[in-house]
Number of protein chains: 2
Amino acid sequence: MTTPAKILLVDDELDILEFLSYNLKKEGYEVHTATNGTEAIEVAKKVIPNLVILDVMMPDMDGIETCRQIRALPGLKDMMVAFLTARNEDYSQIAGFEVGADDYINKPIKPRVLSSRIKALLRRGSNTEVAEENEDLGGIKIDRERFVILKDGKEISLPKKEFELIELLASKPGKVFTRDIILDKVWGGDVVVGDRTIDVHVRKLREKLGDNYIKTVKGIGYKFEF
Amino acid sequence: MTTPAKILLVDDELDILEFLSYNLKKEGYEVHTATNGTEAIEVAKKVIPNLVILDVMMPDMDGIETCRQIRALPGLKDMMVAFLTARNEDYSQIAGFEVGADDYINKPIKPRVLSSRIKALLRRGSNTEVAEENEDLGGIKIDRERFVILKDGKEISLPKKEFELIELLASKPGKVFTRDIILDKVWGGDVVVGDRTIDVHVRKLREKLGDNYIKTVKGIGYKFEF
DNA sequence: ATTATAATTAACAAAGTATTACCGGGGAGT
DNA sequence: ACTCCCCGGTAATACTTTGTTAATTATAAT
């Protein structure tokens, strides 16, 4: 770590703002905050953040519009942008990607998830050179931005759950994810679903991606390998 | 599997304490309890729990403050902390995370939910440790994360029991593990299996790893050597 | 040689996973 | 508002792998 990354948080709900702010500071980031679009633009001009986290739903000026305006500022074209959205807001419905969102983060926010997402974002952001090439995982690329998998250049679009599942598994190729962990991360710790639900989703993924990527580790769980 | 995780429960309501305690013990955890902050700190000093579950609302000293004090104790910085909160007590969440809460559990508590949350927490806690490079044991490496053995760079995947067995033996190379101990650690103290079960598993391991690693000590047990 | 302990093998039981079919809810399009 | 269709999930069943047992053979120690 050289100089801490600067993050601008924008949300009209003070609770959330504080909560996120605290957690990010703990991770060593330099955190700035704003409670509305106008204020956000002011702050952005001054601090030139590496990453802006914007609530989509805000009074006055919504996150999308705010984003558009911030991006128009000099020197801020290359900054990373993440939107906060309520759970279950279908990604495709959101106009955010049109203004160049780099990630979506669902509320309610789990600190651990947040932290890793942000790290990933900042890493991506610092790759100023290449227009952000997604990692190639044995002929497969995960395009979070478009919510699509690329297999040998061919697009395969996945439903949400399947996407989240492959995303998790591929996040650390080779690592075995226990059923517990998968349930926890993809379905959420307190949702109780049947034992075979994961299997079925794995099945559907294998149908679409081919049988060579997701391996079962009997008695333990699954892992992504190539 | 190895040694049971230690959990410290703190709540002023005896009903809840008993209820949780019962459920957690059933899951195989070592459970300690306290009914107030001061007592909690005493117990924490002694047992050095892996996880503390704290009621936020308590007379005398509330959960947050208790947590702060416990964390200040030597050797307890890295422990996991979960707070029990009444439904929708949003405000306390913020304060809680400031003292390093790792999770919130809402009352009323459903045992099933509790169980999975706790598993996740303890897992997270142990993951927090150092990224622990795998030791090379005479051409063999045990990769717990991927759940495979690496022999001369080549991956050998093992079934659960075989993996646990080699893991145990290799945990202290050279040391002889008696059949009793092996049964206890791998199969669990209360499971009754036949005399030859261990032999068969050793056999299978030797088939896969070669005959040069596991040595028999007649009349005593087995040891891992290289 | 005799006895006790261990290794091997094959057959069986149990656990775990894959597959298929199906159902209900919610959104998209009409 | 009414379909229709897709997604996410369940249930039942078939299938595979793993774990255990028991019977048999081999080995070492006295």
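Throughout, protein chains are lettered first and strands after them, A, B, ... in sequence-line order, and every chain is numbered starting at 1.
For D:dG9, the OP1/OP2 oxygens have a side-chain nitrogen or oxygen of A:Trp187 closer than 4.0 Å. Contact check, B:Thr216 against C:dA7: a side-chain N or O comes under 4.0 Å of OP1 or OP2.
Spacing between atom CG of A:Leu158 and atom C1' of D:dC6 amounts to 14 Å, rounded to whole angstrom units. Atom CG in A:Asp195 sits roughly 11 Å away from atom C1' in D:dT10 (whole-Å rounding). If you measure from atom CD of A:Glu162 to atom P of D:dC7, you get 8 Å, rounded to the nearest angstrom. Between A:Ile198 atom CD1 and D:dC7 atom P there is a gap of 20 Å when expressed in whole angstrom units. Here C:dG16 presents its P atom at 9 Å from CZ of A:Arg196, a figure rounded to the nearest Å. Going from atom NZ of A:Lys160 over to atom P of D:dG8 covers 8 Å, rounded to whole Å.
Under the rule for a salt bridge (charged side-chain N to carboxylate O under 4.0 Å, His left out), the partners of B:Asp199 that lie at least two apart in sequence or sit in another chain are B:Arg179, B:Arg196. Under the side-chain contact (heavy atoms from CB on, under 4.5 Å) criterion, B:Glu155 pairs with A:Lys223, A:Glu225, B:Arg146, B:Val148, B:Leu150, sequence neighbours left out. Applying the ring pair (Phe, Tyr, Trp, His ring centres under 6.0 Å) rule to B:Phe147 yields the partners B:Phe163; only residues at least two apart in sequence or on another chain are considered. With sequence neighbours excluded, the residues forming a side-chain contact (heavy atoms from CB on, under 4.5 Å) with B:Glu162 are B:Leu158, B:Pro159, B:His201, B:Lys204, B:Leu205, B:Lys208, listed by chain and number. Residues satisfying the salt bridge (charged side-chain N to carboxylate O under 4.0 Å, His left out) criterion with B:Lys172, sequence neighbours excluded, are absent altogether.
A rotation axis mapping the C1' atoms of four pairs onto the next four is fitted at both ends of the helix from C:dA1-D:dT30 to C:dT30-D:dA1 over five pairs, and the angle between these axes is 30° to 10 degrees.
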Show the distances under 3.5 angstrom between N or O atoms of the protein and N or O atoms of nucleotides 26-30 of chain D.
none

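Both the sub-6.0 Å distance and the 45° axial angle are satisfied by A:Lys175 relative to the ring of A:Phe177.
Within residues 200-212 of chain A, the residues having any heavy atom closer than 4.0 Å to DNA chain D are, in order of number, A:Val200, A:His201, A:Lys204.
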